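Below you'll find the structure, written out as structure tokens, and then a few comments.
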Amino acid sequence: METTWLNAQDADFDAKLAALTAWSEERDEEVAHRVRGILKGVAQRGDVALVEYTNRFDRRDVSAMDELVVDQAQLQAALARIPAEQREALEAAADRVRRYHEKQKQDSWHYREADGTLLGQQVTPLDRAGIYVPGGKAAYPSSVLMNALPAKVAGVGEIIMVSPAPEGIINDMVLAAAAIAGVDKLFTLGGGQAVAALAYGTETVPAVDKIVGPGNIYVAEAKRQVFGKVGIDMIAGPSEILVVCDGKTNPDWIAMDLFSQAEHDEEAQAILVSPDADFLKQVAQSMETLAATLERETIIRTSMKHRGALIQVKDLDQAIEIANRIASEHLELSIDDAEQWAKKVRHAGAIFLGRHTPEALGDYCAGPNHVLPTSATARFSSPLGVYDFQKRSSLIGCSPEGASSLAKIASPLARGESLTAHARSAEYRIKKR
Ligand SMILES: NC(=O)c1ccc[n+]([C@@H]2O[C@H](COP(=O)([O-])OP(=O)(O)OC[C@H]3O[C@@H](n4cnc5c(N)ncnc54)[C@H](O)[C@@H]3O)[C@@H](O)[C@H]2O)c1
Ligand SMILES: N[C@H](CO)Cc1c[nH]c[nH+]1
Ligand SMILES: [Zn+2]
């Protein structure tokens with residue numbers, strides 16, 4: 001299988017690795033321009049523009065917005081219609097994801113100072129959240145759960161879901177997952193127009209406070225452009241996996257773990273790092289044999305050719321150093337003592353510990369969220385979680401004594417800034433002897 005072979009000992013390794021993993025710098029101006037036009041169209045013409053763009057980009061033939069609304073009865077019907085095995089799997093996954101996210105819930109807190117002054121933080125859920133579930137090239141029921149359940153756990157007032165239905169087809173499991181997760185409203189909208197509808201609101205689609213969820217380049221660019229009008233979770237790029245293996249895992253397992261991300265997208269990135277040169281060759285052999293057994297072979301081959309790599313390193317310490325540099329969305333540690341090695345990982349969206357933890361289990365049902373920072377943004381951002389749907393307000397409640405003593409600190413600071421009204425407002429509270 002065509003892919004890039006690198007050796008970390010080579011003089012030009014750093015430059016080659018940087019070129020291979022550079023994605024975030026490439027912002028397509030043509031896409032940005034097109035998305036700007038779509039956002040403006042929806043902001044100015046509302047539902048009419050949504051119908052127009054949906055017909056054009058999702059190859060549909062609808063004449064009014066009500067044809068893009070999926071009501072609760074349709075969600076319940078899909079839930080009743082899907083095979084029992086699918087329903088049970090969705091429910092089991094939902095239970096696990098819900099249970100994991102319950103742990104993330106932040107509570108309000110406060111403390112009182114000796115003079116009676118109260119200081120604290122009040123945590124509140126968002127009133128209304130918009131979740132984008134991708135649906136252009138594949139359907140993602142698992143992404144419905146991963147986006148909606150943390151919002152539900154946070155106590156969000158209303159969850160509005162958008163997901164495209166190319167040629168009018170929407171997957172039953174997506175609808176069933178929306179029913180299980182408790183989505184309040186669903187519109188078959190995708191791309192920049194869906195993001196615009198959530199950000200600005202239209203006659204039919206309510207404006208939300210924050211938009212979360214992954215999507216293609218149009219979705220990512222639209223989220224970037226509406227940020228500020230609404231909150232967003234992150235700007236997600238194509239899926240990534242980095243596997244660090246000591247050479248002792250079955251090479252077929254590792255080849256398939258790499259493919260599990262490569263099959264998402266031609267632009268997805270799958271990289272294997274190992275100190276064992278022979279093992280890298282065995283995995284390459286497994287990849288060649290196994291690719292031919294997969295429906296998405298062409299996507300996998302394209303992804304491995306353009307963005308994949310097999311990297312030989314000196315030892316596992318160097319492997320982890322490279323993993324920290326790449327800051328991958330998913331990092332599999334297919335090695336002995338994975339828990340110990342994980343302590344050295346500083347940057348990764350999710351860390352999969354040991355040979356029996358393929359990334360695919362995290363995608364569907366382990367419990368943690370599968371919406372993760374990509375393109376090295378794990379250096380500064382975190383998985384989607386309950387905290388994305390909660391916000392914090394500071395609480396300050398001064399007792400008369402507390403106000404008097406704080407005013408004595410505030411007054412000279414305010415006068416130092418030449419803000420006399422601030423100073424005098426504080427000074428009114430100073431107790432006269
Ligand atoms: N990070 C995660 O958790 C996660 C989960 C699932 C999927 N993904 C990723 O999300 C992405 C999904 O992409 P997708 O394309 O399948 O679905 P998508 O729903 O993100 O995008 C489809 C929409 O793109 C718009 N579009 C397509 N071509 C256009 C054009 N030429 N001009 C304007 N708009 C256009 C259309 O409106 C269409 O509805 C993939 O990269 C996949 O790997 C990520
Ligand atoms: N691996 C994707 C996130 O990068 C999530 C997903 C959904 N379905 C399968 N996988
Ligand atoms: Zn996946």
Side-chain angles (χ1 to χ4, degrees), residues 23 28 30-39 41-42 49-50 52-60 68 93 97 131-147 161-171 173-174 177 187-197 212-223 233-242 256-270 296 299 303 307 328-332 349-350 352 358-366 368-375 377-378 383-384:
W23 171 262
D28 189 327
E30 169 56 31
V31 169
H33 176 73
R34 187 178 300 192
V35 167
R36 207 166 292 119
I38 293 171
L39 296 183
V42 175
L50 287 181
E52 197 179 295
Y53 292 133
T54 302
N55 284 339
R56 190 184 319 164
F57 297 126
D58 291 338
R59 303 171 302 284
R60 297 192 64 174
L68 304 178
V97 171
I131 65 172
Y132 188 93
V133 176
K137 296 184 194 162
Y140 289 103
S142 57
S143 299
V144 177
L145 302 181
M146 296 291 177
N147 281 280
M161 172 175 151
V162 289
S163 190
E167 277 141 18
I169 297 161
I170 186 143
N171 178 290
M173 272 183 100
V174 165
F187 301 96
T188 54
L189 294 167
Q193 58 278 15
V195 173
V212 305
N216 66 10
I217 192 163
Y218 296 97
V219 175
E221 180 57 31
K223 282 170 72 182
D233 52 343
M234 62 183 87
I235 296 167
S239 297
E240 304 160 350
I241 185 168
L242 176 62
M256 203 57 86
D257 293 359
L258 294 168
F259 288 171
S260 74
Q261 288 311 278
E263 77 172 343
H264 272 293
D265 199 319
E266 290 86 349
E267 310 283 0
Q269 181 153 66
R296 295 168 80 94
I299 296 177
S303 149
R307 302 208 68 222
S328 186
E329 180 189 18
H330 306 101
L331 172 63
E332 261 188 41
F352 298 78
E359 187 272 335
L361 299 184
D363 275 349
Y364 293 107
C365 54
N369 211 286
H370 80 201
V371 182
L372 298 164
T374 61
S375 320
T377 58
L384 184 70

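One-based numbering, in listed order, for ligands and for the atoms of each. Note that the coordinates shown come from a computational prediction; the quantities given were computed from them, not determined experimentally. We count residues from 1, following the sequence as given. Because only heavy atoms are used, hydrogens play no part in the values below, and waters and symmetry mates are left out as well, while side chains stay in.
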query = Which of the atoms in ligand 1, numbered in the order shown and given with their element, are less than 4.0 Å from a heavy-atom of G190?
reply = 37 (O), 39 (O)

message = With a 4.5 Å cut-off on side-chain heavy atoms, are E329 and E359 touching?
response = no

query = Does L145 reach the side chain of S142, with side-chain heavy atoms less than 4.5 Å apart?
reply = no

ask   = With no hydrogens and no angle check, is any side-chain donor or acceptor of S163 less than 3.5 Å from a backbone partner on V133?
value = yes

Nearest neighbour of atom 42 (C) of ligand 1 from the list Y140, Y218, Y132, on a heavy-atom basis = Y140

ask   = Can you check whether D363 reaches H330 side chain to side chain, under 4.5 Å on heavy atoms?
value = yes

query = Is the shortest distance from a heavy atom of E267 to ligand 1 less than 4.0 Å?
reply = no

query = Is there a protein heavy atom at a distance of less than 4.0 Å from atom 9 (C) of ligand 1?
reply = no

message = When you measure from the side chain of K223 to the backbone of A236, do you find a donor-acceptor pair of N or O atoms at a distance under 3.5 Å?
response = no

ask   = Has the side chain of S303 got a donor or acceptor atom that lies under 3.5 Å from a matching backbone atom of I299?
value = no

query = If you count the atoms of ligand 2 from 1 in the order shown, which ones are under 4.0 Å from a heavy atom of Y140?
reply = 7 (C), 8 (N)

request  = Give the contacting part of M146 toward ligand 1: side chain, backbone, both or neither, where contact means a heavy-atom distance below 4.0 Å.
outcome  = neither

message = Considering D265, V371, D58 one by one, which has a heavy atom nearer to atom 40 (C) of ligand 1 than any of the others?
response = D265

query = Can you find a non-hydrogen atom of Q261 under 4.0 Å from ligand 2?
reply = yes

query = Quick one: does ligand 1 sit under 4.0 Å from the side chain of Q193, the backbone, both or neither, non-hydrogen atoms only?
reply = side chain

task = Would you mind listing which atoms of ligand 1 come within a distance below 4.0 Å of any non-hydrogen atom of P164?
result = 19 (O), 39 (O)

ask   = Would E267 and I217 satisfy side chain to side chain contact (heavy atoms under 4.5 Å, CB included), going step by step from the backbone distance to the final call?
value = CA-CA 11 Å; E267 310 283 0; I217 192 163; over 6 Å; no

note = closest protein heavy atom to atom 10 (N) of ligand 2 is D363 OD2, 2.9 Å

note = For E329, the ligand 1 atoms with a heavy-atom partner under 4.0 Å come out as 1 (N)

inquiry  = Closer than 3.5 angstrom, by distance alone: can the side chain of Y132 be matched with the main-chain N or O of G191 as a donor-acceptor pair?
reply    = yes

request  = Would you mind telling me if ligand 1 is within reach of the side chain of V219, the backbone, both or neither, using heavy atoms under 4.0 Å?
outcome  = side chain

ask   = Would you say H330 contacts ligand 2, with heavy atoms under 4.0 Å as the rule?
value = yes

Top protein contact for atom 9 (C) of ligand 2, by heavy-atom distance = Y364 OH, 3.3 Å

query = Does any N/O atom on G136 come nearer than 3.5 Å to any N/O atom on ligand 1?
reply = yes

message = As a test of reading the structure, name the N/O/S atom of H264 that is nearest the Zn ion (ligand 3).
response = NE2

query = Any idea which atoms of ligand 1 are less than 4.0 Å away from a heavy-atom of S239?
reply = 43 (O)

task = Using a 4.0 Å heavy-atom threshold (strictly under), name the region of E240 that reaches ligand 2: side chain, backbone, both or neither.
result = neither

request  = Please tell me if the side chains of Q269 and P238 come closer than 4.5 Å, counting only heavy atoms from C-beta onward.
outcome  = no

ask   = Between N216 and ligand 1, does any nitrogen or oxygen pair lie at a separation below 3.5 Å?
value = yes

Q193 side chain to V42 backbone, donor-acceptor under 3.5 Å = no

note = CZ (R60) and CD1 (I169) are apart, to the nearest 0.5 Å, by 9.5 Å

request  = Starting from the Zn ion (ligand 3), look over the N/O/S atoms of D363 and name the nearest one.
outcome  = OD2

inquiry  = Tell me the nearest of S163, G135, G191 to atom 23 (C) of ligand 1, using heavy-atom distances.
reply    = G191

ask   = Quick one: are V371 and V212 in side-chain contact, heavy atoms under 4.5 Å?
value = no

task = Would you check if Y218 and V31 make a side-chain contact, meaning some heavy-atom pair closer than 4.5 Å?
result = yes

inquiry  = I'd like to know if the side chain of R307 reaches the main chain of A268, judged simply by a donor and an acceptor atom lying under 3.5 Å from each other, with no hydrogens or angles considered.
reply    = no

key: atom 2 (C) of ligand 2: nearest protein contact (heavy atom, Å)   = H264 NE2, 3.4 Å

task = Under 4.0 Å from a heavy atom of K137: give me the atoms of ligand 1 that qualify, with their elements.
result = 14 (P), 16 (O)

ask   = For ligand 2, is there an N or O atom under 3.5 Å from any N or O atom of E329?
value = yes

ask   = At a 4.0 Å threshold, what atoms of ligand 2 neighbour a non-hydrogen atom of E359?
value = 1 (N)

query = Short list, please: which atoms of ligand 2 are under 4.0 Å from a heavy atom of S142?
reply = 7 (C), 8 (N)

key: Sub-4.5 Å side-chain heavy-atom contact between F352 and D257   = no

ask   = So between A236, A268, P214, whose heavy atom ends up nearest atom 1 (N) of ligand 1?
value = P214

ask   = Hey, are the side chains of P214 and N147 touching, using non-hydrogen atoms and a 4.5 Å cut-off?
value = yes

message = Only heavy atoms of S143, strictly under 4.0 Å: list the atoms of ligand 1 that pass.
response = 5 (C), 6 (C)

Element-labelled atoms of ligand 1 that are located less than 4.0 Å from some non-hydrogen atom of G215 = 10 (O), 11 (C), 20 (O)

